[in-house]
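Shown next, in structure tokens, is the structure this report addresses.
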Amino acid sequence: MKVAQRRGMRRAIVAVARRLAVVLHRMWTDGTDFRWGNAPGTAVAVAIA
């Protein structure tokens, strides 16, 4: 919301989309699973055999 107030809604949408893309890319390259929760360190690495 801070970006939307400073730079406009279009830039805020692009910023959120980019942030989500970076997180998903890291998850795909690391092989981690998404675990819903507030506890830190809930991502678990998956061994690919």
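Hydrogens, waters and symmetry mates play no part in the numbers below; they use all other heavy atoms, side chains included.
- In the hydrophobic clustering, Val22 connects to no other residue, as no ILVMFWY side-chain heavy atoms lie under 4.5 Å from its own.
- A 6.0 Å sphere centred on CE of Met9 holds no more than 12 heavy atoms belonging to other residues, nucleotides or ligands.
- The list of salt bridge (charged side-chain N to carboxylate O under 4.0 Å, His left out) pairs with a residue in residues 11-26, not counting sequence neighbours, reads Arg26-Asp30.
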